[in-house]
Amino acid sequence: MRPVTKKILIASTALLAGLGMAYSASAQEIIKFSHVVAPNTPKGKAADYFKKRAEEILGDKVKVEIYPNSQLFNDDKVLPAILRGDVQFGAPSLAKFGKWTKKLGIYDLPFLFKDMNAVTCFQDSDDGKSLFNAMSDKGLTGVGYWHNGLKQLSANKPLREPSDAKGLKFRIQSSDVLAAQFEAVGAVPQKMAFSETYSALQTGVVDGQENTWSNIYSQKFYEVQDYITESNHGLLDYMVVTSTKWWDGLDPEIRDGLAQAMSEATKYGNDLAAELTAQQRQEVIDSGETNLIELTDAQFKDWQTAMKPVWNQFSGEIGQDLIDAAAACNK
Ligand code: LMR
């Protein structure tokens, strides 16, 4: 080969290799997943597991970046961010979809589920799964339910009877159902971002809050609350959501791989949630920084009776059939 021809060949091979590299770099799907809790929580661990499995299944085709602790977005900002394409996945608590659909308000009804088995039963049912499409008119699709657990009440005074909550200010997630729940016991609900809750409790902007053992532990709410009532009065779980347009537009191989990783992460996180809850509940008790209040059966029933009218308030917008289907899971 003449030297000139050889040079051209080398140059064009280098150019093609360069183009190839550029092509494969741009073909890698960068997937951002934003959430508000600590990594050491059921949602934090499930998100990390999703990253691990997605990258194992799809190799260099994807890079999954997890942003915990509200680093990227608070829950009220994450859904618009998903629609803009700034982030691909979020997993807000089921209490935080009120502006997008009224249907998910079902999960906030007080005392709807007697335990997490009942929650799983409903979420696995056709009725539960149909709610993945509750926001399809807004361009959002649900791709999984992730457990955290049942909520406990905390305050700087002991809450044994519903009347003990009267006049107290409680931080709540952004849910009208939760607002009604606290109003039902004469308390004053205040919607507030998760990331602001610790300091609001510390400075006395609010007197109490409701949350799971995992969030009470990882956010250190127990340091600034003298009493925790083990009320198990409501649920705090999540829906993992993504943009319908983005999801449907993915290369099928990538979409299938992500769907598999999501289903494995869901199982992993949901199996782990109960264990983490028990462990972190014990850590809070062992810290000696707060007092645990266990309700008698009669006290538990009093809370139930006081909060139950909330069901009727919201049955119209949620649908009585859906509520009946969920309640039937309390076997
Ligand atoms: C809260 O705001 O209390 C929770 O929704 C936080 C979370 O994601 O668990």
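Only heavy atoms go into these numbers, but all of them, side chains included; no hydrogens, no water, no symmetry mates. Throughout, residue positions are numbered sequentially from 1 according to the sequence presented. Whatever order the structure lists ligands and atoms in, that order sets their numbers, starting from 1.
For ligand 1, the atoms lying closer than 4.0 Å to a non-hydrogen atom of Ser93 are 5 (O). If you number the atoms of ligand 1 from 1 as listed, the ones under 4.0 Å from a heavy atom of Leu236 come out as 4 (C), 9 (O). Every atom of ligand 1 with a heavy atom of Val36 under 4.0 Å away is listed here by number and element: 6 (C), 7 (C), 8 (O). Atoms of ligand 1 lying under 4.0 Å from any heavy atom of Val37, numbered from 1 in the order shown and given with element: 7 (C), 8 (O), 9 (O). For ligand 1, the atoms sitting less than 4.0 Å from at least one non-hydrogen atom of Lys96 are 1 (C), 2 (O), 4 (C), 5 (O), 6 (C), numbered in the order shown with element in parentheses.
What sits closest to atom 1 (C) of ligand 1 on the protein, heavy atoms only, is Phe194 CD1, 3.3 Å. Nearest non-hydrogen protein atom to atom 8 (O) of ligand 1 is Lys43 NZ, 2.7 Å. The protein atom (non-hydrogen) at minimum distance from atom 9 (O) of ligand 1 is Tyr238 OH, 2.5 Å.
Checked by atom type and distance alone, the side chain of Trp311 never pairs as donor or acceptor with a backbone atom of Gln320 at under 3.5 Å. Under the 3.5 Å distance criterion, the side-chain polar atoms of Trp303 are matched with a main-chain donor or acceptor of Arg160.
Side-chain contact annotation: Glu283 with Gln279, donor-acceptor N/O pair under 3.5 Å absent.
Classification of Asp176 and Lys191 as a salt-bridged pair holds, one side-chain N sitting under 4.0 Å from a carboxylate O. Ionic pairing of Asp207 and Lys169 is not present here: no N-O contact between side-chain nitrogen and carboxylate oxygen is shorter than 4.0 angstrom.
If you look at Trp146 and Phe33, their ring centroids are closer than 6.0 Å.
Contact annotation for Arg171 and ligand 1: only side-chain heavy atoms (C-beta onward) come within less than 4.0 Å of the ligand. With a heavy-atom cut-off of 4.0 Å, Asn211 touches ligand 1 through its side chain alone. Contacts with ligand 1 closer than 4.0 Å are made by side-chain heavy atoms of Asn215 only, the backbone lying farther away.
Backbone and side-chain nitrogen or oxygen atoms of Gln173 are examined, and one is located within less than 3.5 angstrom of a nitrogen or oxygen of ligand 1.
Under the 4.5 Å side-chain criterion, counting only non-hydrogen atoms from C-beta, Phe73 is not in contact with Val36.
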Checking Lys77 against Asp86 for the salt bridge (Lys or Arg N to Asp or Glu O under 4.0 Å) test, could you report, in this order, the C-alpha distance in whole Å, the side-chain angles of both residues, the deciding distance, and whether it holds?
CA-CA 11 Å; Lys77 299 271 163 44; Asp86 291 349; over 6 Å; no
